[in-house]
**Q** 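The structure's right below; bear with me while I get my questions together.
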Amino acid sequence: MRNNEIAQILMEIGEHLAMRGENVFKIKAFEKAAQVIGEMERELTNIYKEEGIKGLEEISGVGPSIAGEIEELIKTGKSKYYEKLKKKEPVNLGELMRVEGLGPKGIKKLYDELEITNLEELTKAARAGQIGKLKGFGKKSEEKILRGIEFVKKSGGRFLLGQITAQVKEIEDSLKELKEVEKIIAAGSFRRRKETVGDIDFLVTSNKPEKVISFFTTMPLVVMIAAKGETRAAVKLKSGLNVDLRVVPEESYGAALNYFTGSKEHNITLRQIAIGKGYKLNEYGLYDGEKQIAGRTEEEIYKTLGLQYIEPEIREATGEVDASRHNKLPRLIGYDDLRGDLQIQTTWSDGAASIEEMAREAMKRGLEYILITDHTKRLAMTKGLDEKRILEQMAEIDDLNLKFKINNLKFRILKGSECDILKDGSLDLPDEVLEKLDIVGVSIHSFFNLSREEQTARVIKAIKNPHADILFHPTGRLINKRPAIDLDIEEIIKVAKEIGTVMEIDAFYDRLDLKDDHIRMCVNAGVKLAIDSDAHSPSHFSMLEYGVAQARRGWAERKDVINAWPLEKMLSMLKH
DNA sequence: GCCGTTTTCGGCCCGACTGTTTTCAGTCG
């Protein structure tokens with residue numbers, strides 16, 4: 001059993017306990033354990049295999065009781081405790097909890113009064129006006145639920161890229177082990193690094209397709225085989241993810257890869273170009289009459305069509321083919337180009353590690369500098385910093401930088417803040433404190449539903465503060481969960497250009513904010529970007545990869561991204 | 001249920017907002 005499955009069950013246990021009004025701290029204990037496990041890099045199964053239940057108990061947030069649950073889950077794949085809770089309230093928490101504004105208590109009430117167990121029943125009841133009549137709910141709650149359902153359904157069925165990367169890698173690695181497999185790659189929107197992915201398409205070359213297919217359909221992760229033929233199979237995984245596998249001959253690999261990577265619209269454009277040259281392009285190759293003239297590699301196909309090679313991330317039929325034809329494609333920022341990270345939380349607010357721990361991890365990952373950006377006081381729930389504590393934190397950073405220097409470590413910790421933007425657009429810390437910081441990020445964490453005019457004016461006022469350098473997660477969206485705030489993004493970009501504000505690409509996989517088309521607007525306008533992990537623990541530095549992917553999807557080059565620059569150059573371009 | 005320069009019991013990031021109330025429960029972050 002994988003970590004994320006165990007985490008999901010622990011989370012649901014917590015939610016069930018919350019439904020029955022159990023002790024809040026007991027509930028929090030399950031949530032905390034679920035969160036820690038969800039972020040762990042090492043598999044619990046391995047820890048248990050090597051160190052037994054003792055190893056499990058050493059994990060922070062896991063005590064004897066939860067360790068026992070985990071042991072049972074690893075050994076039997078089930079938890080009696082969880083099953084028992086689920087029997088009492090047999091509701092689909094995974095579905096219902098995604099509806100904004102609906103929590104455990106509400107779900108319990110809806111089950112007790114109306115026997116609602118899933119999204120479909122919830123939709124029916126809300127449409128029939130049954131929910132508004134319940135005590136504790138009203139017309140407004142009913143409308144909010146309907147809007148929430150609409151949002152869940154619209155995003156429905158798609159997984160976040162960051163949620164499935166580990167699964168994809170696991171399948172890829174185990175297939176690679178097979179000696180019958182020559183080449184293997186995950187194509188589709190996964191390869192284009194879209195923020196959400198509907199299913200996974202694996203492409204394999206092999207001389208013995210039947211061996212590969214039989215291995216694929218009997219992997220332990222598989223719960224259902226949807227299709228199984230001579231060159232193609234489709235399965236459903238425990239996680240709900242659908243995975244396709246196609247085996248193609250070596251000479252068609254490039255053509256098949258191109259075809260299955262998409263996007264569909266991109267492929268159509270390529271086929272039209274082929275037709276224009278008197279050729280035919282399909283998933284087996286590029287043909288001049290009966291003769292295959294390209295198809296072994298993608299590069300060969302683009303070249304034969306008279307095009308520059310186009311990176312998968314921008315194959316969305318948004319002008320890339322034209323640019324390619326005229327040799328005007330951008331040189332996209334590379335996955336190894338980042339030199340620093342400009343949004344990091346620590347134990348000073350809601351992060352899980354100290355400044356030094358985060359700095360050492362960043363060094364390990366090859367970064368040269370990080371900006372510490374703990375929350376500010378308005379976000380009291382995160383222990384946000386006030387004027388006094390941020391000065392103390394600055395002293396600690398000075399000490400650490402000195403220590404690194406003495407030890408000959410070429411690494412710099414910068415002083416910063418994720419300063420809250422208040423309702424009226426003013427900032428949560430006074431100017432005389434902000435001016436002492438190296439870089440100031442500002443961001444919104446409240447009043448998400450102001451009108452477009454109010455929200456835009458609020459953000460503009462905030463970034464116009466002479467000390468504000470970067471606008472963090474500008475639209476505040478949580479993918480598949482919370483819509484973006486209503487913002488005139490073009491106006492924001494215009495102002496950002498005038499006054500030199502940097503726009504952030506928050507790389508955390510459920511934010512990816514700015515999103516790809518906004519990034520492209522910034523690039524076109526000449527507004528600089530920062531790709532930040534928004535790390536709350538050392539393992540979160542891996543988020544940067546998703547941020548770079550998003551930047552590439554937005555056609556960003558290294559010159560557009562300030563933390564891909566050396567420290568001094570980066571600092572000199574900021575407005576204060 | 002977890003945890004311990006408060007150490008085996010008694011704490012546990014907790015304030016703001018919303019919609020429902022008419023003094024507060026539920027949800028969010």
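Every chain is numbered from 1, with letters handed out A, B, ... down the list of sequences.
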**Q** Please state how far atom CD1 in A:Ile13 lies from atom P in B:dC2, giving the value in whole angstrom units.
**A**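 Distance check: A:Ile13 CD1 to B:dC2 P gives 11 Å.
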**Q** How many Å lie between CG on A:Asn23 and P on B:dC2, as a whole number?
**A** 12 Å
**Q** Across all strands shown, which nucleotide pairs with B:dC3 by Watson-Crick or G-U wobble geometry, both distances under 3.5 Å?
**A** B:dG10
**Q** Counting only non-hydrogen atoms, which of residues 53-60 of chain A are less than 4.0 Å from DNA chain B?
**A** A:Ile59, A:Ser60
**Q** Quickly work out the A:Ile27 CD1 to B:dG1 P distance and round it to whole Å.
**A** 12 Å
**Q** Testing the 3.5 Å rule here: is there a donor-acceptor pair between the side chains of A:Gln343 and A:Ser533?
**A**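 No, because no side-chain N or O of A:Gln343 sits under 3.5 Å from a partner of the opposite role on A:Ser533.
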**Q** Could I get the full list of salt bridge (Lys or Arg N to Asp or Glu O under 4.0 Å) partners for A:Lys403, not counting sequence neighbours?
**A** A:Glu356
**Q** Which ones in residues 111-133 of chain A lie close to DNA chain B, meaning a heavy atom under 4.0 Å from one of its atoms?
**A** none
**Q** Using the test ring pair (Phe, Tyr, Trp, His ring centres under 6.0 Å), find all partners of A:His445 that sit at least two apart in sequence or belong to another chain.
**A**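 Per chain and number, A:His445 pairs via ring pair (Phe, Tyr, Trp, His ring centres under 6.0 Å) with A:His375, A:His473.
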**Q** How does each nucleotide of nucleotides 20-29 of chain B score, in 5' to 3' order, for protein heavy atoms under 4.0 Å: base (B), sugar-phosphate only (S), or none (-)?
**A** S-----SSSB
**Q** Test of understanding: with ring pair (Phe, Tyr, Trp, His ring centres under 6.0 Å), list the residues that count as partners of A:Phe508, not counting sequence neighbours.
**A**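 In terms of ring pair (Phe, Tyr, Trp, His ring centres under 6.0 Å), with neighbours along the sequence ignored, A:Phe508 is linked to A:His540.
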**Q** Could you pull out all residues at least two apart from A:Arg412 that satisfy salt bridge (Lys or Arg N to Asp or Glu O under 4.0 Å)?
**A**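 For A:Arg412, no residue satisfies salt bridge (Lys or Arg N to Asp or Glu O under 4.0 Å) once neighbours in sequence are set aside.
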**Q** So, using salt bridge (Lys or Arg N to Asp or Glu O under 4.0 Å) as the criterion, who are the partners of A:Glu387 when residues are at least two apart?
**A** A:Lys377
**Q** Mind calculating the distance between NE2 (A:His375) and C1' (B:dA16) to the nearest angstrom?
**A**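 Whole-Å distance recorded here is 15 Å.
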**Q** Can a side-chain donor-acceptor contact be found between A:Tyr81 and A:Glu69 if the only test is distance below 3.5 angstrom?
**A** no
**Q** Output every pair passing side chain to side chain donor-acceptor pair (under 3.5 Å) with a member in residues 389-400 of chain A, not counting sequence neighbours, ordered by first then second residue.
**A**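 Listed by first then second residue: A:Trp348-A:Glu396, A:Asp374-A:Gln393, A:Lys388-A:Glu392, A:Asp398-A:Lys415.
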**Q** Return each pair, listed once, that meets salt bridge (Lys or Arg N to Asp or Glu O under 4.0 Å) where at least one residue sits in residues 111-133 of chain A; pairs must be two or more places apart or across chains.
**A**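 Pairs touching residues 111-133 of chain A that pass the test: A:Lys108-A:Asp112.
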**Q** For a quick check of understanding: with a heavy-atom distance under 4.0 Å over all strands, which category does A:Val62 fall into, base, sugar-phosphate or nothing?
**A**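 Touches sugar-phosphate only.
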**Q** Taking only residues two or more places apart in sequence, or in another chain, which ones meet A:Lys139 in a salt bridge (Lys or Arg N to Asp or Glu O under 4.0 Å)?
**A**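 Partners of A:Lys139 by the salt bridge (Lys or Arg N to Asp or Glu O under 4.0 Å) criterion, ordered by chain and then number, come out as A:Glu142.
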**Q** Taking only residues two or more places apart in sequence or in another chain, which ones pass ring pair (Phe, Tyr, Trp, His ring centres under 6.0 Å) with A:His518?
**A** none
